[in-house]
Engineer: 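Please read through the structure below; I'll follow up with questions.
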Amino acid sequence: MAKKHPKPKTALQENYGFLAVDDYDMRMYVLPTLLSSEGRSAIIAEHRALPVYAATQPGEPAPMYSDVLTKLVDKLRTAPMKNKHTIVEIKPWEEYAIGFLPGKRGGRVEISNETFPTREDAEHAIFLKRLEVFLAGYGIEM
């Protein structure tokens with residue numbers, strides 16, 4: 001009996017349209033800034049200054065990221081869940097670690113030995129790790 005081959009997935013099933021537009025946006029609006037060491041340093045410094053959005057104060061505009069950093073953070077947050085970096089609170093308000101998500105419900109989060117005294121430090125460390133992975137996907141070393 002002949003072996004049945006699975007039907008190839010369609011462009012719609014592979015989400016081709018979204019992925020193509022997303023890649024275009026990254027190449028047009030984000031990567032040009034990240035290609036230069038000065039641009040990359042500026043984006044990293046901007047994130048370091050405000051790793052978690054601050055509260056809105058009366059009479060003041062909400063603190064926001066630049067357009068490039070906003071697009072980059074949105075992209076980094078949509079990475080596949082398997083092995084995605086996440087924050088694990090070790091001691092409430094005192095110690096945070098980086099964990100790796102299992103990629104499936106009910107799986108075990110692996111926790112690294114890296115610890116941080118504040119959530120902001122942990123958020124920024126994760127940003128740097130995700131940025132490194134993102135750039136590697138485009139053949140760029142950090």
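Because only heavy atoms are used, hydrogens play no part in the values below, and waters and symmetry mates are left out as well, while side chains stay in.
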Engineer: How far apart are the closest heavy atoms of P32 and M28, and which atoms are they?
Structural biologist: CG-O, 3.5 Å
Engineer: Any heavy-atom pair between the side chains of E120 and P51 that's under 4.5 Å?
Structural biologist: yes
Engineer: Relative to each other, are the rings of Y29 and Y24 parallel, tilted or perpendicular (30° and 60° limits)?
Structural biologist: perpendicular
Engineer: Is there a side-chain contact between I98 and F116, using heavy atoms and a 4.5 Å cut-off?
Structural biologist: yes
Engineer: Determine, step by step, whether L34 and L131 satisfy the side chain to side chain contact (heavy atoms under 4.5 Å, CB included) criterion, reporting the C-alpha distance in whole Å, the side-chain angles of both residues, the deciding distance to 0.1 Å, and the verdict.
Structural biologist: CA-CA 10 Å; L34 297 176; L131 177 60; 4.0 Å; yes
Engineer: Please evaluate residues S112 and V88 with respect to the criterion side chain to side chain contact (heavy atoms under 4.5 Å, CB included), reporting the C-alpha separation (whole Å), side-chain torsions for both, the decisive distance (0.1 Å), and the verdict.
Structural biologist: CA-CA 9 Å; S112 74; V88 178; over 6 Å; no
Engineer: Scan for side chain to side chain donor-acceptor pair (under 3.5 Å) pairs involving residues 74-87, sequence neighbours excluded, and state none if there are none.
Structural biologist: D22-K75
Engineer: State which residues pass salt bridge (charged side-chain N to carboxylate O under 4.0 Å, His left out) with D67; sequence neighbours excluded, sorted by chain then number.
Structural biologist: none
Engineer: List in chain and number order the residues that pass side chain to side chain contact (heavy atoms under 4.5 Å, CB included) with K91, two or more places apart in sequence or in another chain; answer none if no residue qualifies.
Structural biologist: E94, E95
Engineer: So, using ring-ring contact (aromatic ring centres under 6.0 Å, His included) as the criterion, who are the partners of Y138 when residues are at least two apart?
Structural biologist: F134
Engineer: Would V30 and M142 show up in the same hydrophobic cluster when neighbours are defined by side-chain heavy atoms closer than 4.5 Å?
Structural biologist: yes
Engineer: Flag the pair L69 / H47 as yes when at least one side-chain heavy-atom distance between them is below 4.5 Å, and no otherwise.
Structural biologist: yes
Engineer: Can you give me the closest heavy-atom contact between Q13 and K9, atom names plus distance?
Structural biologist: OE1-CA, 3.2 Å
Engineer: Name all residues meeting the side-chain hydrogen bond (donor to acceptor under 3.5 Å, both in side chains) criterion together with K129; count only those two or more places apart in sequence or in a different chain, and write none if there are none.
Structural biologist: E114
Engineer: Once you round to the nearest 0.5 Å, how far does CH2 of W93 lie from OG1 of T118?
Structural biologist: 11.5 Å
Engineer: In the single-linkage hydrophobic clustering (I, L, V, M, F, W, Y; side-chain heavy atoms under 4.5 Å), do I44 and V133 co-cluster?
Structural biologist: no
Engineer: Between OG1 of T33 and CD1 of I43, what distance do you get to the nearest 0.5 Å?
Structural biologist: 6.0 Å
Engineer: Flag yes if M64 and L72 sit in one hydrophobic cluster, no otherwise; membership is Ile, Leu, Val, Met, Phe, Trp, Tyr, and two members link when side-chain heavy atoms are under 4.5 Å apart.
Structural biologist: yes
Engineer: Would a hydrophobic clustering, with Ile, Leu, Val, Met, Phe, Trp and Tyr connected at side-chain separations under 4.5 Å, put L31 with L128?
Structural biologist: yes
Engineer: Any chain of hydrophobic side-chain contacts (each under 4.5 Å) joining M81 to F127?
Structural biologist: no
Engineer: Considering only residues two or more places apart or on different chains, which pairs with a residue in residues 35-54 satisfy salt bridge (charged side-chain N to carboxylate O under 4.0 Å, His left out)?
Structural biologist: R48-D121
Engineer: Has the side chain of Y65 got a donor or acceptor atom that lies under 3.5 Å from a matching backbone atom of L50?
Structural biologist: yes
Engineer: Rounded at 0.5 Å granularity, tell me how far CG in L35 sits from CD1 in I140.
Structural biologist: 4.5 Å
